[in-house]
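Quick notes on the structure that follows.
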Amino acid sequence: MPTEAEDSEPVSWQSDSGVSADVTRGERLSELFEERVRKPAIVAWADRRTRVGLSILAVYVGMAIVAVFDLYRAPSTNQAPQLVGPFESWSHPLGTTMSGVDLLSLIIHSTPDILLMIIAGSVWATGVAVVVGTLAGYKGGATDRVLMSISDVVMAIPGLPLVIILAVTFNPQNPIVLGILININYWAGLGRSLRSQVLTIREDSYVEASRTMGVGTPRIILKDIVPNLMPYVTVNFVFAARYVVFASIGLFFLGVLPYSVQNWGVTLNYAYNGGALFTWEAAHWLLFPMIAIMGLSLALILLGQGMDRVFNPRVRTRLAESSESTRETDDATEGY
Amino acid sequence: MGHYYLRRTARAFVTVFLVTSLSFGLIRLLPGGPFTLLRANLLRQGVPASEVDARIASLQNIQPDAPLWRQYLDYMGAAAQGDFGTSISLDEPVAQIIAEAVPWTVFIVLVSTVLIFVFGILLGAIQAYWEGSRFDQLVSGASITLMSVPFYVVAVLALFVFAYQFGWFPTAGTVGPTVEPGLTMEFVTSALNHAALPIFSYTITGIGGQALAMRGNSIQVLGNDYVEVARLRGLSDRRIATRYVARNAILPLYTGFLLLLGFRLGGTVILEQIFSYPGLGYYMWSALESNDYPLMMGTFLVITVALVIGVYIADLTYGLIDPRISRGETDAY
Amino acid sequence: SDNAGSDDGASGDGGSGDDSGSGNGSSGPEVREATMVSATNNGVPTNMHLNPIATQNYDDIVGAHVFERFVAYNFETQEFEMAGLEDWSVDGETFTLTIREDLNWENGEPVTARDLVTQFQLEKKTAGAIWDFAESVEEGEDEKTVVFELTEETNPRLLRYAIGSQSDRIYAYHPVYEEFLDQEASAVQQFEWEDDVVANGSFSLESKSEQAWTLTRNEEYYNADNVNFAELQILQRGDNTALQQGMRGGELDAMSSMFAPPNIAESMPDHVQEINTPAKWGYGIVFNHEHEHFGDQNVRQAIAHVLNRELVAQNAGPRTKAVPEVATAIAVDDQERWLGDQLDQYETYGPGTAQTDTAAELLRDAGYSKNDGVWEDGDGNSISAQFATPSGWTDWTTATDTVVDQLNSFGLDLEIDSKPIGDFYGDYVDSNFGMGAFYWLPGGARSSFPFYPLRWEMVCPDIDGGHAFPTGEKTLPAIDGSGEMTISPLEEIREITSMTSDEEATEIIRRVAWHHNQTLPFIPVTEKQEQTWISGQKFNTPESDAQVLGVKWASQWLPRVGEFTAAGN
Amino acid sequence: MSRARGADADGDASDPLIAVDDVEVHFEKEQGLFGLFDEPDVVQAVDGVSVDIGENDVLALVGESGCGKTTLGKTIIGLQEPTEGSISYRGRDIWETKAGNTDLSFDDIRSSLQIIHQDPGSSLNPNRRIVETLSEPIRLTHPNVSAGERRTRIYSLLERVGMTPAEDFASRYPHQLSGGEKQRVALARALLMNPDVILADEAISALDVSLRVEMMDLMLDLQEEFNTSFVFISHDLSNARYFAAHGDGRIGVMYLGNLVEVGPPDRLISDPQHPYTEVLRWATPNLALDASEAADPPMRKIDIPDPVNPPSGCRFHTRCPEARAVCKQEQPALRALGDDHRAACFRTDSDHRYWESDPIED
Amino acid sequence: MTTTSDRLHRAGDGVSDPILEVKNASVTYDDGDTYVLDDVTFSIERNEILGVVGESGSGKSMLASALLDAIPAPGHLSGEVLYHPDPDTTVDVLEFSDAELNEFRWAEVSMVFQGAMSSFNPTMKVGAHFEDTLKAHDRSVPEGLEFAREILSDLYLDPDRVLDSYPHELSGGMQQRALIALSLLLEPEVLVMDEPTAALDLLMQRSILLLLEDIKEKYDVTMVFITHDLPLVASLADRMAVMYAFELVEAGPRDQLINDSSHPYTRALLNSTPNIDAPLEDMRPIPGKSPAPVNVPAGCSYADRCPLATETCRESDPAFEPVEAGHTVACHHWERAAEAIELTFGEAAAVGGDAEGDPQ
Ligand SMILES: Nc1ncnc2c1ncn2[C@@H]1O[C@H](COP(=O)(O)OP(=O)(O)OP(=O)(O)O)[C@@H](O)[C@H]1O
Ligand SMILES: Nc1ncnc2c1ncn2[C@@H]1O[C@H](COP(=O)(O)OP(=O)(O)OP(=O)(O)O)[C@@H](O)[C@H]1O
Ligand SMILES: [Mg+2]
Ligand SMILES: [Mg+2]
């Protein structure tokens, strides 16, 4: 009965069906595009929340582009008459401030820094959290204990007060630094919950299988663990971003954060102190930055709610291949 | 691996210790050192520059010239005894200022967090029960909208409308100026009246997130077999809703409660400033304004310790609330 | 319901109608159960105290009601009016103060020379202003006179400003302050007078809470008849907006000083009256004179030329900000008086125009050139700096925005650096700055005598001379444009102290003012009008052009002179 | 079929493929609330087990849930480090090798010992397509193979395990496969490593009854073709019998961490020597209705004792209908009964003092 | 399709005193597009044990839920479920009001779910579940608990410990037995068990099966035992029914159904089941896959996999036909099944001395 093993390769590598399995570079690239770009996009777009969220976000990105390429005049004092009301003049659609600054240009030119700040902040928070969470969860032992002790301590420090003290101490002006600063300890809680997820995933058989095959730790983390954390990570990326928006603007509003450039929070502060709250003719000065803040944060929340689906292969295949005839096995019919 | 509770207690202490050390380190990093403003103040009052240093030393009992380790030991030793030095700007023991401020902050944070919890859970549960209904959609929409409004925006608007325009609420402070502290009706009403707007601002902006979380959890729990079985066993809807669904849906939120608490404690720096509500955040802010580093670090430490204690209590009690979590298993917060 | 004003936002509605029964303790007018409500943002009352000599946490707004001032300066008449003093006279090397005969402490004891001597002796320890000129102080021939021995014959203006400028108070109740006489200065500076405060002003301290000070009418006050209401409440408010809203909404009856931009001022109800008095204080630009670019006089002059200061004033509050005609350390209203016919010789730097051509020429002369829209020195370093500004002072931030916009569009490379007040001062003290916003006049009545601001801009004690202005001998073009003059500005200004006549002083003032005008230790941008607010809703208030409004602060002064009385039903 | 065991071993092949020598795996449990000063609880998952596995061999482990089958299996393929005893692969101690103390590279051992898990749902990464999952072993064993070549191999193997059209299946995600198909992919993945031993841990238990035979047949076919040995874990004696008999291997019966009986399937089932084996046999449903007609269970208690404090002596004595006083005190060792059949029960020894001992009364 | 029931006469299924009757029960999802239970008709004899087998996804759980009118939303159940509390009374379960239904469930017909682990509220002690149930049905709690203790003891559990434990503190087998005790708490007439032992290992399964038999005697209850594991019910049931693709395909007395099954599917199933005594060589899998609920083929749903399938099979749905007394089958070619598909465990069965033997 034993088959004579002519060589160490007992498997016949000849495909019986004669299917050509050759793949060209181009095919692989287009497959990659299909997998990483087109399908996620389709999934994202299929959800109303994501759709709305993305559309709103696009407006902000548009504003940032306008600002970066200087397509709209930069804000400057006395560029216009003072306290022009909104929608009164086409050259200053949102009206002007008490020092004659065009409000629209203020809002537009504040956008790039704010976007930079929230991206920096959330990349930092989620990045550190993923590294810490996966390392601690996967490595276990002393690494785990050390990392978790650190994050316990970090997590116990209330964010805003720490940020304020650090801001006063280091006086950062760069939006990237500021974003990181605001989320300086945001990673800790996230890292901890990622760790517990990694602990579960680590026990999943497919990770054990990879380990049995001798796949290296970095590759296991990268291929087997991190992708499964992605839905959670994206959602938290968005929440971290929202936190940066809230915290930074609040602190700018209060005048705690040092500033050198325009920011909605600073505008809000000026408006608030300039009596925009109780004089009708200046109300727009307060209103538009508020709308800008809430719009951005609304977009982020909607994205957060819709995004986790993008990383769910079930949803992805269902939506992206709904035309193709694949046999969908339902949960209920899979074993018992 | 040792006793969970002991370990947890040790962790709380280590955390406080490390944060205290951190605060010591941060003081040394402050630009211009801690005495700049005091020096400037004295100079403005016309004190000759030659006398200023001696004056500072006599005012604050600080030996800025001692070696760093000595300062560190002194600082830690004093902090351990609850002595955070003397406030430079207010010229009073920091501990005393904080002792007066703490109850108010804790009051606001606790009450608002509890309210958020209660209302969020109620709303979320009802939404889950009528999943997909008009009510559900409406509340979900409202929740998301509320989530996107920063609490300080609500605070500013509420202060303007309800306090200044309508005069329904006081515009500042913790209790009326003539009210004697004590467990009198007058004191309590006045305190509530003063705290109403800050609590409102926190609560209204927090409910949405909580409701959404509760809704999600409840929907998940509703899909569990034991709910179906309970229904088959003929239990009343109320019993099922409370004991079988709500309880199991709320438990996972308990850990979120802690994060909320932390965010809210930190947020008082902004909130109390808006309402001129002299709690911890208010003093932290005023300390910041005047480079009053002992007060700044004192409030920072106390806010941290309050959070550590909150988390600690929650960690210890979580095991009691959720029987599944036996010791050592908690990844609470 | 309680009649505590702050609680329900409307003051005195509980008892204002009650116009009988009270005031039976003494004769005089009927005292109404009304409460005047004012506010401070000095700090939480429980943390504050009423020892005016202390370094910190003295609540001057409350103190102003509790302690009588020596004299009051009326900015309308530019005269001192007697208050706690009956008379002050200078005679050679003696300076005599006579206390009002009927000035008593609230317990009925008279205010005596002994109290004042105690006060001045304690102030000697803390370097009070008068001790720049006096050698000793003693009780005079009767218990109401105090006599200073001066070090030398002194300019009487300086003496008067020394005790009259900042509305200084008579406060040192001997039994309380006596113990500090033989202690270190720090002892009295740390003393927090909170309990059993003995008043001699129109109101006595009743109590204080976290929220408010409660003062009651002082029946022993010599002018008590003028005060027809029983209570004064001073609320604690966190920020300026809260004060504005309080004034607007009728919560407050008076605010001694409260900034409100024009749109807010205009939105005030009709019964709210805004009273403007010159602050002799205002937004200016300070340079670090050791900075590689700003230490260069040409650069400073160029900057002064570029600035359109009137625009700054317009943005920061056109009604309350005045622009000095001539850029030198003399307040707006005083320039003509002191510079006289020479006024138009001084450089104005174009207060309402951006004289960019002149500025560019100055910079080119100094070796700068414009590259890519930015001015660079010979080494290719652009004129760039952080422009420091305090984050809490809202009208200042607006001014800074405008200034920086103007300068940047001319080709400087400035970045606004807004900081909490503490750090803001700190950086200046440490000379850790290039240029920034800072007040260019020391403030107070004395600032109207140019000796003070001229000297102040050079030594700037508020920042410990952190701007490093060189005060040695300098050669400048002469005032009339013919040839040159040499001047040691600080030495010359000091000479004024011993000059008894204004004529002599004027000569020096003009020379030093010219020096400042040329070298620009500061650039004066705007001078501020103080805004005092009173509400006629429940009180009778004076006509808006009444001279009595020229005394600062009207909210404190008017009640004691009977110009702010509780209205009938 | 060669069984590298005992007599027929030649020269350098004298070492069995895997030799398990007196292996013991104990787990320390986290301490309880008031247990700070007590000895930590120790779960004796596997205790004193010795067994060899030869080339092209099959060892089917059966036993109740929690008796240590998985732990022993993982120990055999070097995934679980034994707390005592040794595991050798072709004569080299695996854990010594891992520590770098032998001449063999651990990578060789690693790829030689593979696993298929019970739960088809979690054995494949839900985020990777089948083709990606299957590329991994080739990438590891043949780093130089081109992408196209890799695909060819994967397709052919998929066809071999019965998943046609291979191309279609390869491009699916795991959730698009049925349980049986997932298990086939897991098998393919293990096979691509070209292993010497595959641990099939309840690999068929989660499948529908009607699919089990099919899956076992597939594994057995491939065992011949690929020359691998199987450690086949199951709690069902009839499955174990089917697999072991077809694979010409043995069945090992485990009870509370001990191997209590090992032997060829037919012998073990027709003539069980250990009372626990009989219990298992009783518990196995049978379509032959008379045999299946519910008889009283041949044991005294239903519930398995806590592995933390296993009973003294023979661990089965608490439930054994034949237990006598001596069983409480002494632990029986595996006794050879000829023909590869061994059992750990005093009753196999007619001279044992068991026979004089008193029966246990509950 | 509706004709099938008409042809099924009472005598045909050998039930003389039914306690529950299901007539033309269908369960649909997606507004009637997806049949997950397709026109099932059968009855349950008072005091019998009925075993229902079928592969995963064949609709067994749907059938179980249908008996209690408890199809999970948004499923829709149509047809009739008749309950006979005594031989002369008939009520239609589907006509019950909510209150009546609440009383009917658990008190008359109770159910043990697939997966005991998830049938208990994890944050409530087991005892509290018993109390809840008693209170909901207005029974005396102390008496009820006394009874519960008795059942628990009968199930070889320590009543005090179990009642005072949280579910996670019990092993799977213990939870399962506790759940059985809970289902018997109100002394129901019928106990429906949906794969009550699937998650347990064989030893425990068998032990519980034995207990069930005792329980049935002691508490006088009718049992419906649903499983995919044919040999398991075979040892327990009096009568058996086989489901395939949402339909019932064969029903009959246990012995007949095992030894003389007439449906090709039943026979294939028997052959594919690993059996400890059967000759190894003859065990063989059933080729092909069962259809998904959306596209149940017209005609016999087993036709695609059936070696006997003809055009008729693909075109028309086979009706139930009586094979012997009480043994019915839905197959066009049932007569040929026996010879076409040989039962492979027969030898062993013969060795076991089965009198009826293999029909061939
Ligand atoms: N990592 C571990 N830490 C602590 N105890 C463990 C660990 N792994 C297994 N155990 C314990 O060891 C004993 C044997 O477990 P094992 O998984 O080997 O049993 P099994 O026979 O495979 O059971 P099953 O049939 O349920 O899979 C059990 O009591 C189990 O709780
Ligand atoms: N909510 C639902 N919506 C649509 N289809 C469903 C739903 N629930 C179950 N089904 C389908 O109904 C069919 C029968 O399900 P059922 O649970 O009765 O199967 P089963 O025979 O009990 O299977 P198992 O042995 O896996 O428990 C399955 O194909 C399943 O996919
Ligand atoms: Mg196992
Ligand atoms: Mg089912």
Side-chain angles (χ1 to χ4, degrees), chain A residues 49 52-53 145 148-150 152-171 185 188-190 192-193 195-197 199 239 242-243 245-247 249-251 253-256 265 268 272 277-278 286 289-290 293-302 304-305, chain B residues 11-12 14-19 22-23 26-27 29-31 143-145 147-153 156-157 159-160 164-165 208-209 212 255 258-259 261-270 273-274 280-281 284-285 288-289 291 296-297 299-300 303-308 311-312 331 333:
Chain A
R49 293 167 301 186
V52 176
R145 273 199 297 280
M148 282 307 105
S149 306
I150 294 176
D152 276 352
V153 173
V154 172
M155 199 161 25
I157 306 175
L160 274 189
L162 180 70
V163 171
I164 291 177
I165 287 182
L166 290 177
V168 172
T169 310
F170 297 111
N171 192 22
N185 70 344
L190 188 53
R192 191 164 249 288
S193 38
R195 168 186 170 266
S196 27
Q197 298 200 8
L199 283 183
F239 283 149
R242 190 174 72 104
Y243 181 71
V245 176
F246 272 27
I249 292 178
L251 294 178
F253 171 50
L254 269 196
V256 182
L268 218 55
Y272 180 65
L277 193 52
F278 39 79
L286 196 65
M290 274 188 190
I293 297 165
M294 293 192 278
L296 181 54
S297 114
L298 183 68
L300 290 174
I301 293 173
L302 289 173
Q305 299 222 323
Chain B
R11 198 170 81 190
V14 168
T15 305
V16 170
F17 171 81
L18 288 178
V19 173
L22 176 77
S23 71
L26 284 174
I27 296 166
L29 288 173
L30 284 181
S143 294
I144 290 179
T145 314
M147 275 172 83
S148 56
V149 187
F151 69 86
Y152 45 85
V153 167
V156 165
L157 295 178
L159 182 68
F160 174 63
Y164 285 110
Q165 291 305 108
L212 284 182
T255 50
L258 304 172
L259 284 179
L261 213 63
F263 281 135
R264 256 149 247 293
L265 265 176
T268 54
V269 181
I270 297 178
Q273 182 58 24
I274 293 175
L280 282 178
M284 173 154 201
W285 165 250
L288 190 80
E289 284 258 273
N291 267 20
M296 186 152 86
M297 289 306 165
T299 47
F300 174 60
I303 291 180
T304 308
V305 172
L307 182 58
V308 171
V311 170
Y312 176 67
D331 265 334
Y333 90 111

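Owing to the predicted nature of the structure, the values given are computational and were not obtained by experimental measurement. Values below: every heavy atom of this structure, side chains too, minus hydrogens, waters and symmetry copies. A note on names: the letters A, B, ... follow the listed sequences, proteins ahead of strands, and every chain is numbered from 1.
No part of Val16(B) comes within reach of chain A, as not one of its non-hydrogen atoms sits under 4.5 angstrom from that chain. The part of Met290(A) that comes within reach of chain B is its side chain, from C-beta onward, which places non-hydrogen atoms under 4.5 angstrom from that chain. With a 4.5 angstrom heavy-atom cutoff, Leu307(B) touches chain A only via side-chain atoms. For Leu300(A), no part lies under 4.5 angstrom from a heavy atom of chain B. Residue Val245(A) touches chain B through its backbone alone, counting heavy-atom pairs closer than 4.5 Å. Residue contact with chain A, scored on non-hydrogen atoms closer than 4.5 Å, is absent for Leu261(B). For Leu18(B), the part lying under 4.5 angstrom from a heavy atom of chain A is the side chain only. Ile274(B) touches chain A through its side chain: at least one heavy atom from C-beta onward sits under 4.5 Å away, while N, CA, C and O do not. When heavy atoms are compared at a cutoff of 4.5 Å, Ile249(A) approaches chain B by way of both its backbone and its side chain.
For the atom pair CG (Leu265(B)) and CG (Leu160(A)), the distance works out to 11.0 Å, reported to the nearest 0.5 Å. Atom CE of residue Met296(B) and atom CD1 of residue Ile164(A) lie 9.5 Å apart, to the nearest 0.5 angstrom. In this structure, CZ on Phe253(A) lies 10.0 Å from CD on Gln273(B), to the nearest 0.5 angstrom. To the nearest 0.5 Å, atoms OG1 (Thr145(B)) and CG (Leu298(A)) are separated by 6.0 Å.
Minimum interatomic distance between Gly266(B) and Pro161(A) (heavy atoms only, all atoms of both residues): CA-CD, 3.4 Å. Residue Trp285(B) comes nearest to Leu254(A) through the heavy atom pair CH2-O, 3.2 Å, listed as atom of the first residue, atom of the second, then distance. Minimum heavy-atom separation, Pro158(A) to Ile303(B): CG-CG2, 3.2 Å. A pairwise comparison of heavy atoms in Arg242(A) and Met147(B) identifies NH1-O, 2.7 Å as the closest pair.
The side-chain heavy atoms of Asp152(A) and Val14(B), taken from C-beta on, include no pair separated by under 4.5 Å. Between Leu162(A) and Leu22(B) there is a side-chain heavy-atom pair separated by less than 4.5 Å.
If you tally non-hydrogen atom pairs under 4.5 Å between each of Val308(B), Val153(B), Leu157(B), Ile144(B) and chain A, the highest count goes to Ile144(B). Comparing Gly159(A), Gly295(A), Gly250(A) by how many heavy-atom pairs each has under 4.5 Å with chain B, the most go to Gly250(A).
Ring pair Tyr152(B)/Phe246(A) is perpendicular by interplanar angle, where above 60° counts as perpendicular and below 30° as parallel.
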